[in-house]
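These numbers were taken from a predicted model, which means no experiment stands behind them. Residue numbering restarts at 1 for every chain, and letters A, B, ... go by the order of the sequence lines. Every heavy atom of this structure was used, including side-chain atoms; hydrogens, water molecules and symmetry mates were not.
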2 protein chains.
Amino acid sequence: MGRGAYAKGVAKREEILEVALEVVAELGCRNSSNREIAQRVGLSQAGLMHYFGSREDLYMAVLRARDERDTADYWQPGSDFQGFLDVIEHNTNVPGLVQLYVEFSAEASIGRHPAHEFFLERYEWARRLLAQSVRTAQERGEFGPNVDAELVADIVVAAADGLQQQWLLDRSIDMVARLKAVSGGFAALSHLDPAD
Amino acid sequence: MGRGAYAKGVAKREEILEVALEVVAELGCRNSSNREIAQRVGLSQAGLMHYFGSREDLYMAVLRARDERDTADYWQPGSDFQGFLDVIEHNTNVPGLVQLYVEFSAEASIGRHPAHEFFLERYEWARRLLAQSVRTAQERGEFGPNVDAELVADIVVAAADGLQQQWLLDRSIDMVARLKAVSGGFAALSHLDPAD
DNA sequence: GTCTATAAAAGGATAGAC
DNA sequence: GTCTATCCTTTTATAGAC
């Protein structure tokens, strides 16, 4: 374990990432400011800038940090569909994160936005991982053969994103249950004779 | 037809709504400003404020205007699933609108945001309409009976939103084709014996 | 309806002391 | 590492003339 100034710096960095999510959840992306975050972690705005050179840097760091954590905790290559559901379930506890992702990914669509590449790669990664888990399920016989794994993955990823959008507005929506229904539907379908 | 100053005012209002979308598509919500919009429609910023009392007013007007138009053109109560697909197809031509919806709906999740109610009602409306069209399809025999119309509607609306998020980042994604696949999947499923 | 001018606030970033 | 102070920019909104 690092000591003194170093360990403190790392801890503070973590705290900032955490608080940034809080602020986004409360104020939205547009109204979140470095000043507000700084105040909540007990720093001046200039003090905050010591950790992250710019506003964009800070939010990109939030995005990456959470993906790394989720990947480690729930969903790596080789995980099954349940791992994916676990991530969604966990997102229920971090509305700021969900909001940041939705708003940022939309904003990142504009030309040469710093997060553009990030989101493109992330989608590719998610779809590939999910398609893999469908194929695994097919080998185990949980999923029938008569369905295109890539297609199922595309739909499930899209549905998950859309559900999160709705959940932000109405927290009573049960995202996991609905995603299970999608998956269950495709599982049943996959046993159908394609000649039907 | 209105004459003179009145007609001109109405036309200018329309133009502003149109240009606001352009600006959002180019700069994103966070970086869109009244000044930029004003400049593009050949007004001063103060001139723009004559039409819309505040920034929020302007964007809410954009949202409502487009919904009214889409409803009139493609998708009213009684429309079938194709009408829904037509809206999505049409959205392909208005990336600014899609972006505005995604960003705004996420931002509107925060407490007492002016657009909060708007989006909640809009989701309820969309799901109800779509569920209705599934039921109609069931009566016609295009859809089998063994599926819950409300559930299908929920999934399709969510998938549509998620696909639009992805499409913003990668315009080569064919949203309509994928949504047809979802619908086709459920249609096939709906003929399955529920005892399976 | 549209402009100029201006207020008033807020944001991001930097310089330099400690 | 952290602060104070400051700068510069941008934004929304208003007042009042034409």
Using whole Å, what does the distance between atom [atom2] of nucleotide [N] and atom [atom1] of [X] come to?
X: A/Y51; N: D/dT2; atom1: OH; atom2: P; answer: 3 Å
X: B/E56; N: D/dA13; atom1: CD; atom2: P; answer: 8 Å
X: B/M49; N: D/dA15; atom1: CE; atom2: P; answer: 12 Å
X: A/F52; N: D/dT2; atom1: CZ; atom2: P; answer: 12 Å
X: A/H50; N: C/dC18; atom1: NE2; atom2: C1'; answer: 14 Å
X: B/Q45; N: C/dA5; atom1: CD; atom2: C1'; answer: 12 Å
X: B/K12; N: C/dT2; atom1: NZ; atom2: P; answer: 6 Å
X: B/N31; N: D/dT12; atom1: CG; atom2: P; answer: 11 Å

Within residues 34-44 of chain A, residues whose heavy atoms come under 4.0 Å of DNA chain D: A/G42, A/L43, A/S44

Ignoring hydrogens and angles, tell me if any N or O in the side chain of [X] forms a donor-acceptor pair with the backbone of [Y] under 3.5 Å.
X: A/S183; Y: A/L179; value: no
X: B/E142; Y: B/Q138; value: no
X: A/N146; Y: A/L192; value: yes

A/W167 six-ring centre to A/R171 NZ/CZ under 6.0 Å and within 45° of normal: yes

Position toward the 5' end of DNA chain C (nearest nucleotide), B/A46 or B/G9: B/G9

Derivation of the side chain to side chain donor-acceptor pair (under 3.5 Å) call for B/Q82 and B/D86: CA-CA 6 Å; B/Q82 183 58 46; B/D86 288 343; 3.0 Å; yes

Intermediate values then yes/no, side-chain contact (heavy atoms from CB on, under 4.5 Å), A/I173 and B/Y123: CA-CA 12 Å; A/I173 289 176; B/Y123 271 118; over 6 Å; no

Below 4.0 Å: OP1/OP2 of C/dT2 and any side-chain N or O of B/K8: yes

